[in-house]
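The next block holds one structure in the form of structure tokens; read it before the comments.
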Amino acid sequence: MLLAQISDTHFRSHNQKLYGFIDVNAGNADVVAQLNALREAPDAVIVSGDIVNCGRPEEYQVARQVLGALRYPLLVIPGNHDDKAHFLEFLRPLCPQLGNDPDNIRYAVDHFATRLLFIDTSRTGTSSGWLTAETLAWLDKQLGDNPDKPAAVFMHHPPLPLGNAQMDPIACENGHLLLELIARHPNLVRVFCGHNHNLCMTQYRQAIIATVPGTVHQVPYHHEDNRPYYDMSPAACTMHRQVGEQWVSYQHSLAHFAGPWLYDPQASCPTEEPSSPC
């Protein structure tokens, strides 16, 4: 299994830019082109919420056009910037697992060595997240019915504070209830989120919990300064690979850079150094 997780694409309407100057549509099209050119093809691409910025149909039209160019299966969940009805209308053709109920978006992918459980933590009208009683009951059953198979949850909002002064106040408000499921189900070993626009990892009992970078713009991590910063530091996606019984995650840069080159020990430490002309 190899998965590529991207997040927080924040598509805008055609010819519109984020904050008036960030061309997220072009940036996301470049991300799709880079993913399509990967030497090792992923089994699926995951987008963990905030597909668009303002929840407008015109933004979803752009998102569907750009994400529809991916050569791999697409697995998506909404975030707090998404309108759930428009999200389903435009993205269900790309991800049929979403179903047709905007108030109950959750699904499982069972054909890998690790089960993938996708849940919706967005709540209309607020930036913070919330786990409904129905979602928690579904997760509890999914984990309890398959106790011998490891599981990874994908959700938009992180379920606990990460020491991020700007983003912690708009994390998942009742995420402690997910932590209770982690404590009750030892097979829940990973929780991957978007929302924070940066790579940040922690652990709760047996579960690694992480947020992943945005595709275009990032939110710098500050522990004390809670002012709403964003920047254009290099974007990245997070790759998840099953290696035997181990789940290995690593960052794949989405910046444009020179290389790669094959390592040559002779070039690294030549037996004879060229003499200096001086």
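Everything quoted here is computed from the prediction, not taken from an experiment.
Checked against F192 for a ring-ring contact (aromatic ring centres under 6.0 Å, His included), the options H240, H157, H156 give a single hit: H240. Among the candidates T215, V216, V66, L18, the single residue satisfying the side chain to side chain contact (heavy atoms under 4.5 Å, CB included) test with F11 is V66.
A donor-acceptor pair shorter than 3.5 Å can be found between the side chains of N80 and H195. There is a side-chain donor-acceptor pair under 3.5 Å between H256 and D30. When only modelled atom types and interatomic distance are considered, D82 and Y60 share a side-chain donor-acceptor pair under 3.5 Å.
Here the CZ atom belonging to F118 is positioned 15.0 Å from the CZ atom belonging to R106, to the nearest 0.5 angstrom. Annotation: the span from L70 atom CG to I6 atom CD1 amounts to 6.5 Å, rounded to 0.5 Å. Atom CZ of R115 sits about 8.5 Å away from atom CG of N187, to the nearest 0.5 Å. Rounded to the nearest 0.5 Å, atoms CH2 (W130) and CG (N174) are 4.0 Å apart. Within the model, atoms NE2 of H176 and CG of L181 stand 10.5 Å from one another, a figure rounded to the nearest 0.5 Å. Distance check, rounded to the nearest 0.5 Å: CE of M155 to CG of L178 gives 5.0 Å.
For the pair L38 and P42, the minimum side-chain heavy-atom distance is below 4.5 Å. F154 is not listed as a side-chain neighbour of I119, based on a closest heavy-atom distance of 4.5 Å or more. Side-chain contact between L162 and T211: present, with at least one pair of heavy atoms (C-beta onward) separated by less than 4.5 Å. Considering only heavy atoms from C-beta on, P73 stays 4.5 Å or farther from V45 through its side chain. With contacts defined as side-chain heavy-atom distances shorter than 4.5 Å, the pair H81/H10 qualifies. Contact of the V24 side chain with the N53 side chain is not registered, since no non-hydrogen atoms from C-beta on lie closer than 4.5 Å. W138 places none of its side-chain heavy atoms less than 4.5 Å from the side chain of N104. Looking only at side-chain heavy atoms (C-beta outward), M239 and S249 stay at 4.5 Å or farther from each other.
The cluster map of Ile, Leu, Val, Met, Phe, Trp and Tyr, joined by side-chain heavy atoms under 4.5 Å apart, puts L116 and I105 in the same cluster. Put simply, L254 and L2 are part of the same group of oily side chains (I, L, V, M, F, W, Y) that touch within less than 4.5 Å, one to the next. Cluster annotation: L160 is connected to L139 through the hydrophobic network of ILVMFWY side chains, with a link wherever side-chain heavy atoms come within less than 4.5 Å. Transitive grouping of hydrophobic side chains (ILVMFWY, heavy atoms separated by less than 4.5 Å) keeps V153 and I208 in distinct clusters. In the hydrophobic clustering of ILVMFWY residues, with side-chain heavy atoms under 4.5 Å counting as a link, I77 and I209 come out apart.
Nearest heavy atoms, Q61 versus F90: CG-CE2, 3.4 Å. The minimum heavy-atom distance linking N164 with M167 is given by the pair OD1-N, 3.1 Å. Minimum interatomic distance between A108 and L117 (heavy atoms only, all atoms of both residues): CB-CD2, 3.6 Å. A pairwise comparison of heavy atoms in C237 and L35 identifies SG-CD2, 4.1 Å as the closest pair. Closest of all the heavy-atom pairs between N226 and A165 is CB-O, 3.5 Å. In terms of heavy atoms, Y72 sits closest to A37 at OH-N, 4.4 Å.
At a threshold of 4.0 Å, the pair E173-R123 counts as salt-bridged, since one of the basic side-chain nitrogens sits closer than that to a carboxylate oxygen. Checked for salt-bridge contact, R56 and D83 miss the test: no charged N lies under 4.0 Å from a carboxylate O. Using a 4.0 Å cut-off between charged nitrogen and carboxylate oxygen, D23 and R12 do not count as a salt-bridge pair. Under the 4.0 Å criterion applied to side-chain N and carboxylate O atoms, E40 and R241 are assigned as salt-bridge partners.
Aromatic pair H197/Y230: centroids not less than 6.0 angstrom apart.
Shown here is R184, whose CZ atom has more than 12 heavy atoms of other residues, nucleotides or ligands within 6.0 Å. For Q203, the CD atom counts as densely surrounded, since its 6.0 Å shell holds more than 12 non-hydrogen atoms of other residues, nucleotides or ligands. By the 6.0 Å contact criterion, CD on Q65 is open, its count of non-hydrogen atoms from other residues, nucleotides or ligands being 12 or less. The number of heavy atoms from other shown groups lying within 6.0 Å of NE2 (H222) is above 12.
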(request) I would like to know whether D103 and E134 meet side-chain contact (heavy atoms from CB on, under 4.5 Å); could you show each step before the answer? (result) CA-CA 10 Å; D103 295 320; E134 293 79 7; over 6 Å; no
(request) Take V76 and L94, measure what side-chain contact (heavy atoms from CB on, under 4.5 Å) needs, and give me the verdict at the end. (result) CA-CA 9 Å; V76 296; L94 303 181; over 6 Å; no
(request) For L131 and T121, run side-chain contact (heavy atoms from CB on, under 4.5 Å): C-alpha distance rounded to whole Å, both residues' side-chain angles, the deciding distance at 0.1 Å, then the answer. (result) CA-CA 5 Å; L131 291 161; T121 59; 3.8 Å; yes
(request) Begin with the C-alpha distance, continue with both residues' side-chain angles, and end with the deciding distance and a verdict on side-chain contact (heavy atoms from CB on, under 4.5 Å) for R71 and N36. (result) CA-CA 6 Å; R71 297 173 182 171; N36 283 340; 3.4 Å; yes
